[in-house]
There are 2 protein chains.
Amino acid sequence: MEHKIKSALNVMEGVEQPAQINTELVKRLHSKKSKTLTSGEYLDGIFGGNRTLLSKAITLIESSLPKDQEIARQIIDGCLKKKQKSEFNQSISKSVNQSICSAPSSIRIGITGVPGVGKSTFIEALGTYLTRQGHKLAVLAIDPSSTRSKGSILGDKTRMEALSAEPNAFIRPSPSAGSLGGVARKTRETIILCEAAGFDIIFVETVGVGQSETTVHSMVDFFLLLMLAGAGDELQGIKRGIIEMADVILINKADGDNLNKAKAARVEYANALHLFPPASSGWQPVVDICSAQSLFGIDHVWEIIMDYYAITTENGFFHRRRMEQNKQIMLETIEAGLHQHFFSRKDISAKLHRIDQEIRNGLLNPYSAAQEMLEQYFRKE
Amino acid sequence: MEHKIKSALNVMEGVEQPAQINTELVKRLHSKKSKTLTSGEYLDGIFGGNRTLLSKAITLIESSLPKDQEIARQIIDGCLKKKQKSEFNQSISKSVNQSICSAPSSIRIGITGVPGVGKSTFIEALGTYLTRQGHKLAVLAIDPSSTRSKGSILGDKTRMEALSAEPNAFIRPSPSAGSLGGVARKTRETIILCEAAGFDIIFVETVGVGQSETTVHSMVDFFLLLMLAGAGDELQGIKRGIIEMADVILINKADGDNLNKAKAARVEYANALHLFPPASSGWQPVVDICSAQSLFGIDHVWEIIMDYYAITTENGFFHRRRMEQNKQIMLETIEAGLHQHFFSRKDISAKLHRIDQEIRNGLLNPYSAAQEMLEQYFRKE
């Protein structure tokens, strides 16, 4: 395992410029044996900007098969090592007195708002604006949807037809897994891969008004909330907690007859925001209006985000927040590791089967059952 | 510890009828030493229907102090043992050929709908209707709200003034903890306590349109979705997954000018529901209209719920679902136990402190950090 990572790193060494994918690799990719690619080959493809290999690597991240997970872990590791190396190179070129806090090479933007607010159109408008300026944009989504249908309402790539035709854009629907935690972990890892593939702007989209907003907020640098004028806050289902997280509140559909209503809403929200305590970012949240349909205000949205970037990289908040998020990732990875160790033990899964029957027959309450399982686990080890 | 539970159980033996709380206990409760009550005394109070002790016991459940958690565990254990005993007594009076599947002594009802749909008014209307029929009703809530303000928008008891004045009603706001998982665990335990205190109907209310619905669905027998006519599904932010979970969809505010719109919406939703695959419960979800304001249709809502109860207890689904939920509780309790064991180890917390610094300084990526922590944990044990 370790030598594979090392060989992957050897491949990486020479890859500062997008690499030419060799013909052999392309052949294997299209052959039936494409599943036998090594992590080094995946990394080679990702660093070289190969979309097909990036997509396949993300599929490995989303897989629940142990062998896929193992290779996914090697790929993530390789991407992180490349990042660390390039950040280190950047930082040593700075003053030695400065702490290791290089300028980040990407910005991660969370985008939320209830269905009907025009999120897809907005992402398409801002996304196309950015890719045509030469930015490389990855659009990801978090949508821990229906436990019954297992489907993802953000899965429909065709929603963003114009954007998906842009060569600089990469659109990936939400992983359709069960728990929010699982979906979040996969999306975090996907961000790492996309950044390693050279995407400098990451959108993470989410729907609904609940816990998934908090999750997206925990993995982005900037949080953008789309709203509508006149629809009534209550009906829009926007909770105070989500407004508090927003770095910008954008009143969308500010066009035609709706323009004046949008302007009035801007004043109202701006007044409301002043009631919140100042954020630790040193950034005063902004309220603005735009129309994703007519493209009015879209360029200004980007100016706001760049203002935020300038202020928070200057005062160190941007870096601190990412490190804070990294700590969170570590804790979640530990939880996942503990879980896996427990459930992969043979005696545990055997006992679990028996105890499950007892619970079903009402012979054991779930708290005592858990206690019994934990005692077995810790006794035998 | 064990003898405490035993003494608690001894106290319970004689308590099939609500017990008279002895004067000594009341005195201690009101004295400064009230915190030194034993789990037996709490159980005595809960089984006797003492509201103050029930509330205090729930506060222990919500506490994060180890000593509170220990006594909370004993209280939950006592409540579960009482339940098991009474269910066993019920089941042995039945045919011996029947499996241990006694008639449940409570029904747990999840209630959701976006803000503005009239949830509080509805709960007050249905709740007052039930308590006046002699039912004992506990109203709980799940609202993993703002990570910044830590507040709970369901915390305002005064919302339901009439209901909270009913002697048969017990209203408890959402525990205001961080993670949805933590909030859910506490609410599940609170349900156990409320049922042990003789509440036969439990409402679990939730807000928003996201993961918290799935969580509430996982702890109730019946799921009720409130909607409005004419507001547009999109703006109401109701996701397909939530509609799929509903056992009844109630179009609220069916009064005055709105009545005809509500009737039209009922037809529309009923048609839509037929497109879903039949549920494993053998129950065909119902769409109905009501007005929590004018009380129109409130009695019929209860008839629907009782129909559901009759069908699903008859075909065994009601029991199977609870056992399924119990398995989930066991798995979550195991996760919590693994977490606690890990983080309470001295060498782990020391190492965590050091590794945290390295992450902050960008010297270590979070995945490698987690790996290091896990290796230390499993090596030393």
Side-chain angles (χ1 to χ4, degrees), chain A residues 73 76-77 80 84 87 99-101 114-116 144-149 153 180 207-214 231-232 234-237 239-241 244-245 323 326-327 329-330 333-335 337-339 341-342 355-356 359-363 365-371 373-374 378 381, chain B residues 73 76-77 80 84 87 99-101 114-116 144-149 153 180 207-214 231-232 234-237 239-241 244-245 323 326-327 329-330 333-335 337-339 341-342 355-356 359-363 365-371 373-374 378 381:
Chain A
R73 215 185 59 70
I76 294 160
D77 220 47
L80 284 169
Q84 219 164 357
E87 279 177 3
S99 77
I100 304 182
C101 167
V114 294
S145 42
S146 167
T147 48
R148 258 174 81 181
S149 72
I153 57 166
L180 183 56
V207 153
V209 183
Q211 196 70 2
S212 58
E213 263 71 14
T214 313
E234 282 228 316
L235 255 189
Q236 288 197 61
K239 286 167 63 181
R240 190 185 138 100
E244 282 177 33
M245 289 191 296
M323 295 305 111
N326 276 348
K327 189 184 170 184
I329 293 173
M330 176 189 69
T333 311
I334 289 174
E335 301 278 355
L338 294 176
H339 176 101
H341 188 270
F342 183 90
I355 277 198
D356 186 27
I359 288 182
R360 267 174 221 285
N361 293 328
L363 297 168
N365 83 58
Y367 297 98
S368 307
Q371 198 59 36
M373 294 296 304
L374 287 167
F378 289 120
E381 207 171 48
Chain B
R73 216 185 59 70
I76 293 159
D77 221 47
L80 285 168
Q84 220 164 356
E87 280 176 1
S99 79
I100 304 182
C101 169
V114 293
S145 42
S146 166
T147 48
R148 256 174 81 182
S149 73
I153 58 164
L180 182 56
V207 153
V209 182
Q211 195 70 1
S212 58
E213 263 71 14
T214 312
E234 283 228 314
L235 254 191
Q236 288 196 62
K239 285 167 64 180
R240 189 186 139 99
E244 281 178 33
M245 288 192 296
M323 295 306 110
N326 276 347
K327 189 184 170 184
I329 294 174
M330 176 189 69
T333 311
I334 288 174
E335 301 278 356
L338 294 175
H339 176 101
H341 188 271
F342 183 89
I355 276 197
D356 185 28
I359 289 183
R360 267 174 221 285
N361 293 330
L363 298 169
N365 83 57
Y367 298 98
S368 307
Q371 200 59 37
M373 294 297 303
L374 287 166
F378 290 119
E381 206 171 44

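- With a 4.5 Å cut-off on side-chain heavy atoms, A/Tyr367 and B/Arg73 do not count as touching.
- Using a 4.5 Å heavy-atom threshold, the side chains of A/Asn326 and A/Met323 count as touching.
- Although no hydrogens or angles enter the test, the distance criterion places no donor-acceptor pair under 3.5 Å between the side chain of A/Asn361 and the main chain of A/Leu363.
- Only the side chain of A/Asp356 comes within contact range of chain B, judged by heavy atoms closer than 4.5 Å.
- Remark: B/Ile355 CD1 to A/Met330 CE distance equals 6.5 Å, nearest 0.5 Å.
- Only the side chain of B/Leu374 comes within contact range of chain A, with heavy atoms under 4.5 Å apart.
- Contacts with chain A were tallied for B/Pro366, B/Ala369, B/Gly337; B/Pro366 has the most, counting heavy-atom pairs under 4.5 Å.
- Looking at A/Ile334, the atoms closer than 4.5 Å to chain B (heavy atoms on both sides) sit in the backbone and in the side chain alike.
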